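Report on one structure; see the data block that follows.
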Amino acid sequence: MMNDEQLFTEAYRLNFASVEGYVRRRVSVDAVPDLVSEIFVVAWRRWPEAPRDRLLPWLYGVARLTLANAYRDGRRREALITSLAEMADERVEDHAVAVSERLAIAAAFDSLTPGDQEVLRLDVWEDLAARDAAVVLDCSVAAYHVRLHRARRRFKKSISSADAGKQRVAHTDEGRRPDWGTR
């Protein structure tokens, strides 16, 4: 008689390719490995309730819910980037500049530590009250406020650094005259 770990390992071996194909048909190639891993982690956690006689359809159900969570996370990330963009001081109507600005905001957010990112996500994405966010972070409300303040400050500093870099480049480019071949 095989134990749960052995049964799961065998199920993984038999169904991995099918689950991977299911995911591959629904997301970009670079997201597949992480999502397939997450699906099998969830499947392992829920292994006691897995129907052994209809395992592949059950795994597809786990995959469907995992993909739905991933899609929601993507939408939340976009909402966060949009919200953070609104924090920027200057709004420019030129589409190219707006795209560049959003990329700069995303890069500034990505440059933060995971802790700073999580504090900002809880504030902006999840819209949690301070006491609820403190519970999530397992800290006091005062500590949460300090972390949020510091994360916002570091985010604004990161944005400002990116803006200063753009201004230096623009300033150097303005001083140059095109060489039209005349002397």
Side-chain angles (χ1 to χ4, degrees), residues 19-20 22-42 63-179:
V19 171
E20 183 183 43
Y22 179 92
V23 172
R24 189 176 303 282
R25 288 185 289 276
R26 287 163 175 78
V27 298
S28 65
V29 151
D30 57 327
V32 171
D34 288 340
L35 286 168
V36 171
S37 295
E38 179 64 23
I39 290 162
F40 279 103
V41 166
V42 171
R64 184 179 60 81
L65 294 174
T66 302
L67 288 169
N69 287 337
Y71 291 139
R72 267 193 304 279
D73 289 346
R75 287 194 306 270
R76 286 184 187 136
R77 179 173 169 74
E78 284 299 315
L80 177 62
I81 289 170
T82 300
S83 296
L84 293 172
E86 291 170 1
M87 289 174 62
D89 296 333
E90 197 174 334
R91 300 297 298 167
V92 179
E93 297 303 321
D94 180 6
H95 178 71
V97 172
V99 168
S100 172
E101 195 174 84
R102 286 186 66 162
L103 290 172
I105 289 168
F109 183 77
D110 288 342
S111 74
L112 297 175
T113 65
D116 284 350
Q117 290 177 5
E118 183 62 15
V119 169
L120 290 173
R121 283 185 189 114
L122 291 174
D123 181 51
V124 177
W125 276 1
E126 307 303 335
D127 196 27
L128 289 180
R131 70 177 180 279
D132 296 330
V135 169
V136 172
L137 296 173
D138 193 27
C139 66
S140 68
V141 174
Y144 166 74
H145 282 295
V146 169
R147 290 179 188 181
L148 180 60
H149 171 75
R150 289 177 179 166
R152 285 177 176 165
R153 187 182 64 214
R154 285 188 280 265
F155 175 73
K156 287 178 183 177
K157 183 178 179 183
S158 183
I159 293 271
S160 296
S161 296
D163 286 344
K166 284 183 198 173
Q167 289 173 358
R168 277 194 301 275
V169 168
H171 179 68
T172 2
D173 289 344
E174 286 172 2
R176 295 186 184 149
R177 290 191 169 164
D179 181 9

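Numbering starts at 1 and runs along the sequence shown. Please read these numbers as outputs of a predicted model, since none were measured by experiment.
- Shown here is R150, whose CZ atom has no more than 12 heavy atoms of other residues, nucleotides or ligands within 6.0 Å.
- Pairing each heavy atom of C139 with each of Y144, the nearest pair is SG-N, 3.7 Å.
- In this structure, the side chain of S161 engages the main chain of K157 through a donor-acceptor pair within 3.5 Å.
- Between E38 and V42, the closest side-chain pair of non-hydrogen atoms falls below 4.5 Å.
- Of all the heavy atoms in V32 and E20, the pair that sits closest is CG1-CG, 3.8 Å.
- How far CG of D34 is from CD1 of I39: 11.0 Å, rounded to the nearest 0.5 Å.
- Two residues are said to be in side-chain contact when any heavy atoms from C-beta on lie closer than 4.5 Å; L122 and D127 fail this criterion.
- Ion pairing between D110 and R77 holds under the 4.0 Å rule for side-chain N and carboxylate O.
- With values rounded to the nearest 0.5 angstrom, R147 atom CZ is found 12.5 Å from L120 atom CG.
- Between R131 and V141, the shortest heavy-atom distance links the atoms CA-CG2, 3.7 Å.
- Across W125 and A79, no two heavy atoms sit closer than the pair NE1-C, 4.2 Å.
- Here L80 contributes atom CG and D73 contributes atom CG; the two are 11.5 Å apart, rounded to the nearest 0.5 Å.
- Proximity of F155 to D116: side-chain heavy atoms (C-beta onward) are nowhere separated by under 4.5 Å.
- Closest approach of I159 and A104 over heavy atoms only: CD1-O, 4.5 Å.
- Put simply, CZ on R152 and CG on D123 are 4.5 Å apart, with the number rounded to the nearest 0.5 Å.
- Across every non-hydrogen atom of F109 and Q117, the tightest pair is O-NE2, 3.0 Å.
- At least one side-chain heavy atom of R102 sits under 4.5 Å from a side-chain heavy atom of E78.
- The distance from the CG atom of L35 to the OH atom of Y22 is 11.5 Å, given to the nearest 0.5 Å.
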